[in-house]
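A single structure is presented below for examination.
The model shown is predicted, which means the values in this text are computed figures rather than measured ones.
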Amino acid sequence: MSENIIGYLDKEGRIIDTQSAPENCECKPIAYDNSPEALEIIRHSTAHLMAQAIKELYPSAKFFVGPVVDEGFYYDFRVDEKIGEEDLKRIEKKMKELIKKKYAIEKYTLPRSEALEKFKEDDLKQAVLSRIDSDEVSIYKQGDFEDLCRGPHVPSLRFLHHFKLTRVAGAYLGGDENAEMLTRIYGVAFADKESLKNYLTMLEEAKRRDHRKLGAELGLFMFNEEAGSGLPFWLPKGAKLRYKLEQLLHKAHLDRDYLPVRGPEILKADMWRTSGHYACYGENMYLTEIDEQEYGIKPMNCIGHILIFKQTPKSYRDLPLRFYEYGVVHRHEKSGVLHGLLRVREFTQDDAHIFCRPDQIADEVLQVVEFVDSVMKLFGFEYSMEIATKPDKAIGDDAVWELATDGLKQALKSRNLPYTIDEGGGAFYGPKIDIKITDAIGRKWQCGTVQVDFNLPERFEVEYVAEDNSRRRPVMIHRAILGSFERFIGILTEHYAGEFPFFIAPLQVIVVPIGDAHLAYAEELRSRMRAIGVDAEISSKNESLNKRIRNAEKQRVPYVIVVGDEEVNNRSVAVRNRRTREQYNLSFDQFMVELANQLHEGTI
RNA sequence: GCCGGUGUAGCUCAGCUGGUAGAGCAACUGAUUUGUAAUCAGUAGGUCGGGGGUUCAAGUCCCUUCACCGGCUCCA
């Protein structure tokens, strides 16, 4: 065995560790490096090493499972003591001590029945065994620590060096909300020091971009403890940013033949019974009573649009009919899931419902997908699409679901658009395409969604008159591009690290007059900029020039312009361009042209 | 909702084993009128998240509640 080999890939592409490989295996060796296969082995073994360390520090610990996940690994276990962030350092230290002992990692197998007997005192191991079908199970042993495990593992602890335990968490046994909660520790591991360092740097970068931190620094939004959690307040800068986004998208909707509508915030509970929300979504709804009648605050906007559609008889000539609304919705999200602007209890969706004939579905879905594409490109997001199918809690026949799901698949296939399947992830009334965007530092977020719905039109007896004068049922396509303004602005803030593109920046230009003598000129510049719709402010407080420039830069304003004697005399500006990080001089008229061009970039 | 953690001036934080609060920045006032990332000086700011308890004495200990943070489950 070569020094550097930690496992093999067999013909089917499965990873086999050195402990399991047969003598004359015709397998491809896996070297100790950062390949996905090698990392899988390294991380899994690091999880075991962590378990061994935990067992030494907390002898009462019992272990459940310790798999490899996206960026690292975790191990779930039960322990009498409370484990906090500080304890991670102790565990890491113990892990390093264990490495020095250079234990080999050995494997042996047992018949299932013997394993059941061997672990009869350990209910968590029993739980693991109950999830395994095979008659034979494997045990890995390092020093005096052994664990029921499928592998793969590195040959020896001496291969483990570059790891870090990142967080402690609680996790339900088997992911079941009603089951016991175990302690989970997450960690990361790499084959070399540099990769670990890069990963930790990325975490720092994510922290630096955190929209909650930037939101406070830039004066975008706030929350108020007394007012209630999950209820955002938009501060002037944030409201401006949001307003610009709304305007931009409003124009885009009008260009695409959408019609603005608006429904009420609260509807009688019977409406929600008809729609199925009461039964399927009731636990997330805020209900109240008015004049002895039960009402529900809307968690979605569909009903309003349906009732507006039904207000007058519709002809096939009216279809597709596209209603859109910046719909404020309220959802009782569990307290523990609230997270800045990314998960709140009151939010505004850029929601639309397209009423169309079944044969128009594919076209409409594609148009929405193209709409999404142009918005994502505008903000420089990559994205992927996922088709989510019928969930457990759902309304409507399987046949209808299949029809709708096929419609979505066909639309994407017709343009060779790639997608993956999220089994059981659909809305209760129909399947959907979820759009997952990838931000500047590689994180994925779900925002936009397209949902095909045959069920609500049925329940509300929505119809149109066809060419042959018969009554037909339209299909509803629910869709959102941004998802919600709250979540999208949170993501945008992190994507741009607070340096928003000019066309949505809440404050676009700060004019810094060097002295009082230049104030009149600065004011003239400001009013001319305002006249073309540019948000400009003057920084004329009695502070040093350097400090005023520093403060302007900290606000991440796209342009800081400095004006003194020279500029007043030449009717020019000294520009600091935040995007290009350049400093240059322009006549004011030229600068105005530059601003107008930048404003125009926000058109889709 | 569940597990673990945190909560001191607008913000970032200090306050040892209980002896009734402190810094920097921000704010305000004055001086300074500045050429590209923090001018100097002074003033004012806190029922230590809320409520209850233990104690001669609580920011510090206990209970409870609210909010936030890291996750789980859920989700735009």
Side-chain angles (χ1 to χ4, degrees), chain A residues 74 76 78-79 81-88 166-186 207 210 212-213 216-217 219 222-230 281 283-284 299-301 327 329 331-351 388 391 425 427 432 434-435 445-449 478-488 490-491 512-519 540-555 560-567 574-576 583 585:
Chain A
Y74 67 77
D76 283 353
R78 185 199 294 131
V79 68
E81 296 84 349
K82 286 184 176 177
I83 296 187
E85 300 278 339
E86 284 100 65
D87 299 309
L88 295 185
T166 49
R167 42 180 87 96
V168 215
Y172 295 111
L173 197 160
D176 176 1
E177 204 178 347
N178 301 310
E180 168 192 6
M181 186 154 261
L182 302 173
T183 301
R184 172 176 295 180
I185 297 182
Y186 283 93
K207 234 186 216 168
D210 192 312
R212 293 166 298 185
K213 184 169 162 278
E217 271 174 38
M222 65 168 213
F223 290 90
N224 181 284
E225 184 175 335
E226 277 98 65
S229 61
Y281 204 78
E283 64 212 27
N284 283 312
M300 299 183 195
N301 307 298
V329 296
R331 299 183 182 176
H332 185 200
E333 301 292 346
K334 289 175 181 172
S335 57
V337 306
L338 302 173
H339 182 97
L341 287 181
L342 301 183
R343 195 76 180 274
V344 290
R345 285 180 172 158
E346 185 205 276
F347 58 99
T348 306
Q349 297 178 303
D350 59 326
D351 206 1
K432 57 181 183 171
D434 280 332
I435 289 103
W445 307 93
Q446 209 240 288
C447 290
T449 180
H478 309 238
R479 53 105 280 194
I481 309 285
L482 306 182
S484 77
F485 285 95
E486 286 76 7
R487 181 174 286 184
F488 195 75
I491 293 165
V512 184
I514 288 175
D516 289 346
H518 318 112
L519 196 54
S540 59
K541 257 181 53 177
N542 185 9
E543 278 168 338
S544 69
L545 177 69
N546 280 345
K547 184 157 187 181
R548 284 180 287 151
I549 287 168
R550 176 182 155 81
N551 285 342
E553 290 286 342
K554 282 206 311 193
Q555 283 301 299
V560 178
I561 65 178
V562 177
V563 292
D565 287 340
E566 198 180 311
E567 287 72 24
V575 181
R576 285 175 70 107
Q583 223 169 294
N585 289 283

Contact string for nucleotides 5-11 of chain B, one letter per nucleotide 5' to 3', B = base within protein heavy-atom range under 4.0 Å, S = sugar-phosphate only, - = neither, reads --B----
Round to the nearest Å and state the distance from A/Glu226 atom CD to B/rG50 atom C1'.
9 Å
Please report, rounded to the nearest Å, how far the P atom of B/rG71 is from the CG atom of A/Leu342.
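Atom CG in A/Leu342 sits about 12 Å away from atom P in B/rG71.
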Restricting to salt bridge (charged side-chain N to carboxylate O under 4.0 Å, His left out), what partner residues turn up for A/Asp350, sequence neighbours left out?
none
State whether A/Ser335 places a side-chain N or O below 4.0 Å from either non-bridging phosphate oxygen (OP1 or OP2) of B/rG1.
yes
If you assign A/Thr166 and A/Lys432 each to the RNA chain B nucleotide with the nearest heavy atom, which residue ends up on the more 5' nucleotide?
A/Thr166
So A/Arg331, base contact, sugar-phosphate only, or nothing? Heavy-atom distance under 4.0 Å.
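Contact class for A/Arg331: base.
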So, using salt bridge (charged side-chain N to carboxylate O under 4.0 Å, His left out) as the criterion, who are the partners of A/Glu567 when residues are at least two apart?
none
With sequence neighbours excluded, tell me which residues meet salt bridge (charged side-chain N to carboxylate O under 4.0 Å, His left out) with A/Glu566.
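In terms of salt bridge (charged side-chain N to carboxylate O under 4.0 Å, His left out), with neighbours along the sequence ignored, A/Glu566 is linked to no residue.
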Show every salt bridge (Lys or Arg N to Asp or Glu O under 4.0 Å) that has at least one partner inside residues 333-348 of chain A, sequence neighbours left out.
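Checked against salt bridge (Lys or Arg N to Asp or Glu O under 4.0 Å) - neighbours excluded - the pairs reaching residues 333-348 of chain A are A/Glu177-A/Lys334, A/Glu333-A/Arg343.
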Within-4.5 Å side-chain heavy-atom neighbours: A/Tyr281 and A/Met300:
yes
Where protein sits on nucleotides 35-47 of chain B, one letter per nucleotide: B base, S sugar-phosphate only, - none, heavy atoms under 4.0 Å
BBBBB--------
Using a 4.0 Å heavy-atom cut-off, does A/Ala171 contact any base of the nucleic acid, only the sugar-phosphate backbone, or nothing at all?
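The residue A/Ala171 makes sugar-phosphate contact but no base contact.
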Pairing residues for A/Asp351 by the side chain to side chain contact (heavy atoms under 4.5 Å, CB included) criterion, not counting sequence neighbours
A/Asn301, A/Gln349, A/His353
Scanning all shown strands, the Watson-Crick or wobble mate of B/rA44 with both distances under 3.5 Å is none
Measuring only the P atom in each nucleotide, how far is B/rA76 from B/rU6? A whole number of Å is fine.
33 Å
Partner residues of A/Ile514 under the side chain to side chain contact (heavy atoms under 4.5 Å, CB included) criterion, sequence neighbours left out
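Testing A/Ile514 for side chain to side chain contact (heavy atoms under 4.5 Å, CB included), a comparison that skips the adjacent residues, returns A/His518, A/Leu545, A/Val562.
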Using purine N1 to pyrimidine N3 plus N6-O4 or O6-N4 for Watson-Crick, or N1-O2 and O6-N3 for G-U wobble, each under 3.5 Å, what pairs with B/rG24?
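Base partner found: B/rC11.
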Sugar-phosphate only, base, or nothing, as touched by A/Phe488 at under 4.0 Å among non-hydrogen atoms:
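Nothing, no nucleic acid heavy atom in range.
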Have a look at A/Lys207 and say if it touches a base, only the backbone sugar-phosphate, or nothing, with a 4.0 Å heavy-atom cut-off.
nothing
A/Asp210: which residues meet the salt bridge (charged side-chain N to carboxylate O under 4.0 Å, His left out) condition with it, sequence neighbours left out?
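Here the qualifying residues are A/Arg212.
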pi-stack flag for A/Phe223 and B/rA67, centroid dist under 5.5 Å, interplanar under 30°:
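It does not: the ring fails the test against the base of B/rA67.
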